[in-house]
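Please read these numbers as outputs of a predicted model, since none were measured by experiment.
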Amino acid sequence: MKIASFALLVVLLNGLLSWSINLPQDVGPDVPSGKLNSLSFAPFREGQGPLDEKFPTPEQIDADLRLMGETTHSIRTYASAEGSMQIIPSLAQKHGLKMIQGAWLGNIKEDNQAEIAEVIRSANANPDVVKRVIVGNEVLLRGDLKPEKLIEYIREVKRSVKQPVSYADVWSMYMKYPELIKEVDFITIHILPYWEDEPITVDQAPAHIERIFKQVQQEADTIAPGKPILIGESGWPGEGRQRGWSVPSVVNEAKFIRALIKVATKNGFDYNIVEAFNQSWKSELEGVVGANWGLFSVDRKEVFPLTGKVYENPDWLNGVIASTILFLIIVAFGWKSLKALSTMRLAFFLAFSQLLSFLLPNMLENLWYTSYSDWQRFQTLLIVGLNAILAGLILQRGYGLLANKAANPKFGAWIYTLCMLFAGYAVYKTFGLAINGRYISFPTVAVYIPVIGIFGLMLISYMTERPWSLKVIEINRLAGHLKAKADQDKIMGYALLAVGLTLIIWETKAFLISRDFILAYPNVGERLGIAFVFSVTNCQLMVWLMCLAILALPLLVSGNKTGKQLHG
């Protein structure tokens, strides 16, 4: 009866906690009429993308534009001649959409000429649909063209179409190359607070957008008074790596869009939101965060609504059900053995079991959602599989410690080996974050089980070992592993601490050397201090460093002879 009562209590607490952290949230006023002014449109689906030259079919584009007709008044496209993009204007007209049509420019002259020719043809053939034309997207930011060559393309299109013509880039490029302001019919700027050199919170973003728009407007008025300005891209990622104080999340993405529309309405700003659909192909260039800016997922499911409250994870109940089933299987399997535990130890074991049971489905859901290829999905299954094995072994070891049973050396060897494997994985991933981590997500989810498992075994050791000392939490004693390898363990422990320190240094350096950050804070001392604050107040970064510390601690205290002292 005691086991059943505690198990029921743990299940109820798991459900209550999951419900409380997934309540629908108020993200601001509804979008007027539930439709946007304009939305970036790229119709690529899973397995498609311009890098591999795999393009959607006309039927897929038609279905996407039908959905866009219900979501927005206008769409912005980025390429005109690639694949099946030529059919977009006629299908857009079919679904009552207007267009800002783009010509994609790069460093290949022949491709550029094909794009220019097609955007001219399309604009002249579809004047009722194509209302504006954009020649090139962030080509100066990427360094694919010189300003002089870009201006040649702009002039060529202006001579050939009747629609207003522009060029789109981050707002600072128009400040760097003010000659562009003279050439375009309207100025198209990208304001993406998440990617700014000084990343800010989502609540600070509306004021930032207003300030940047007016700054560009003031600069433009000194060159070409009254020239229209379009915010060609503005949005917020729904998933991925935190930068400074910019936190990707579904709720923040919805909150940003609603706040942007409110600011635009108040000031009369013309805007286009990025973007319609999550683009899995972008993960090859920009990681998880680059693939998650859409109102709809890559399989065309709504990420969040434009009206009403928003759930961070609307499918949270599925996770609760999965974790409850896992937990009940554990309880049923160990029912007879659990009777031997005292009340306090039983309660702890059941809570620990429920926690690991909750983490496994959560891990699978998160890693699978952010896997964008067969190879990435294979890695996800491998990581989740190894975590599941380790979770089972850790629970068996935890029960043994609580019941004062002798350790199983074979199981102990597996726990030790898997913990060392995940420690090596953490070193490798942290090194990658340190040297080039702009687009790499913190791999916290992948090490849920070793981190929480080791920490749980530490707590159990504290409950069961008397007298208690740091020696009882060294990795071999926690695992129940008979063969101590102190030198190997300490090397790995110091490696975990070293890459963690390196990550803090390089994260700070990334801010320190950013062009706009230097302009904002020319004094080196002040700039260093602010850059360091951005790093140490990054919650995702701090959680990852805490994971590294938990993995490192039992390795660093390794060295006492375990032998016959092993128990539980």
Side-chain angles (χ1 to χ4, degrees), residues 26-33 35-40 72-74 76 100 132 134 138 141 166-178 180-181 184 186-238 243-249 251-275 293 295 304 306 310 511 514-521 530 534:
D26 185 358
V27 295
D30 292 350
V31 174
S33 72
K35 295 183 75 171
L36 299 171
N37 180 54
S38 183
L39 190 60
S40 290
T72 183
H73 299 288
S74 175
R76 177 190 168 187
I100 306 170
R132 287 179 282 187
I134 294 179
E138 297 186 354
L141 179 66
S166 183
Y167 163 69
D169 212 324
V170 296
W171 64 271
S172 58
M173 286 296 107
Y174 268 98
M175 302 295 95
K176 186 176 181 180
Y177 301 108
L180 289 171
I181 295 173
V184 297
F186 62 100
I187 301 163
T188 303
I189 55 174
H190 297 171
I191 309 177
L192 300 162
Y194 172 84
W195 285 125
E196 296 281 5
D197 287 349
E198 186 176 351
I200 56 178
T201 68
V202 71
D203 293 325
Q204 295 170 323
H208 173 79
I209 291 169
E210 190 171 0
R211 179 178 63 82
I212 294 300
F213 189 100
K214 291 180 178 179
Q215 179 181 336
V216 174
Q217 190 174 52
Q218 184 177 11
E219 176 71 17
D221 283 345
T222 64
I223 299 171
K227 185 160 287 190
I229 298 175
L230 167 68
I231 301 176
E233 281 187 5
S234 198
W236 196 273
R243 293 189 66 247
W245 296 342
S246 295
V247 182
S249 76
V251 167
N252 282 350
E253 183 181 1
K255 184 183 293 187
F256 177 88
I257 288 176
R258 304 240 190 134
L260 168 65
I261 293 171
K262 184 178 179 180
V263 167
T265 302
K266 182 184 76 171
N267 292 278
F269 295 164
D270 192 6
Y271 70 90
N272 171 80
I273 289 171
V274 61
E275 61 190 321
W293 290 70
L295 271 69
F304 60 90
L306 296 175
V310 171
F511 290 114
S514 299
R515 187 178 73 89
D516 292 340
F517 204 74
I518 293 172
L519 292 175
Y521 305 102
I530 295 173
F534 270 130

Specify the closest pair of heavy atoms between [X] and [Y], including all atoms of both residues, with the distance to one decimal.
| X | Y | value |
| --- | --- | --- |
| A168 | H190 | CB-NE2, 3.5 Å |
| H208 | E196 | NE2-OE2, 3.0 Å |
| L192 | G235 | CD2-N, 3.6 Å |

Is there side-chain contact between [X] and [Y], with heavy atoms separated by less than 4.5 Å?
| X | Y | answer |
| --- | --- | --- |
| I209 | F256 | yes |
| L36 | I257 | yes |
| P32 | I261 | yes |
| F511 | P199 | yes |

Tell me, please, which residues at least two apart from D203 pass salt bridge (charged side-chain N to carboxylate O under 4.0 Å, His left out).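 If we apply the salt bridge (charged side-chain N to carboxylate O under 4.0 Å, His left out) test to D203, skipping adjacent residues, the hits are K255.
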
Quick one: list whatever passes salt bridge (charged side-chain N to carboxylate O under 4.0 Å, His left out) with D516, sequence neighbours left out.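 Testing D516 for salt bridge (charged side-chain N to carboxylate O under 4.0 Å, His left out), a comparison that skips the adjacent residues, returns none.
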
Using only atom types and a distance under 3.5 Å, with no angle test, would you say the side chain of [X] pairs donor to acceptor with the backbone of [Y]?
| X | Y | value |
| --- | --- | --- |
| S166 | V184 | no |
| T201 | W245 | no |
| R258 | V31 | no |
| T188 | L230 | no |

[atom1]/[X] to [atom2]/[Y] distance, rounded to the nearest 0.5 angstrom?
| X | Y | atom1 | atom2 | result |
| --- | --- | --- | --- | --- |
| M175 | I212 | CE | CD1 | 9.0 Å |
| S74 | L39 | OG | CG | 9.0 Å |
| S234 | I273 | OG | CD1 | 7.5 Å |

By ring-ring contact (aromatic ring centres under 6.0 Å, His included) - contacts of Y174 (at least two apart):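 Partners of Y174 under the ring-ring contact (aromatic ring centres under 6.0 Å, His included) test: none.
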
Among residues at least two apart in sequence or on other chains, which ones pass ring-ring contact (aromatic ring centres under 6.0 Å, His included) with F517?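 Testing F517 for ring-ring contact (aromatic ring centres under 6.0 Å, His included), a comparison that skips the adjacent residues, returns Y521.
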
Would V202 and V247 satisfy side-chain contact (heavy atoms from CB on, under 4.5 Å), going step by step from the backbone distance to the final call? CA-CA 8 Å; V202 71; V247 182; over 6 Å; no

Between Y167 and Y177, is the side-chain contact (heavy atoms from CB on, under 4.5 Å) condition met? List the steps. CA-CA 12 Å; Y167 163 69; Y177 301 108; over 6 Å; no

Could you tell me which residues satisfy side chain to side chain contact (heavy atoms under 4.5 Å, CB included) with [X], sequence neighbours excluded, listed by chain and number?
| X | value |
| --- | --- |
| H73 | S33, K35 |
| S40 | R76, Y78, E233, N272, V274, E275 |
| N37 | D270, Y271 |
| A254 | V27, F304, V310 |

Can you list, pair by pair, the side-chain donor-acceptor contacts under 3.5 Å of residues 213-224, counting residues two or more places apart and other chains?
from	atom 1	to	atom 2	distance (Å)
K214	NZ	E210	OE2	3.2
D221	OD1	G226	N	3.1
T222	OG1	E219	O	2.5

By side-chain hydrogen bond (donor to acceptor under 3.5 Å, both in side chains), which residues pair with T265, not counting sequence neighbours?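 Once residues adjacent in sequence are excluded, T265 has no partner under the side-chain hydrogen bond (donor to acceptor under 3.5 Å, both in side chains) criterion.
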
Kindly write out the residues that satisfy side-chain hydrogen bond (donor to acceptor under 3.5 Å, both in side chains) with W236, not counting sequence neighbours, or none if the list is empty.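 In terms of side-chain hydrogen bond (donor to acceptor under 3.5 Å, both in side chains), with neighbours along the sequence ignored, W236 is linked to no residue.
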
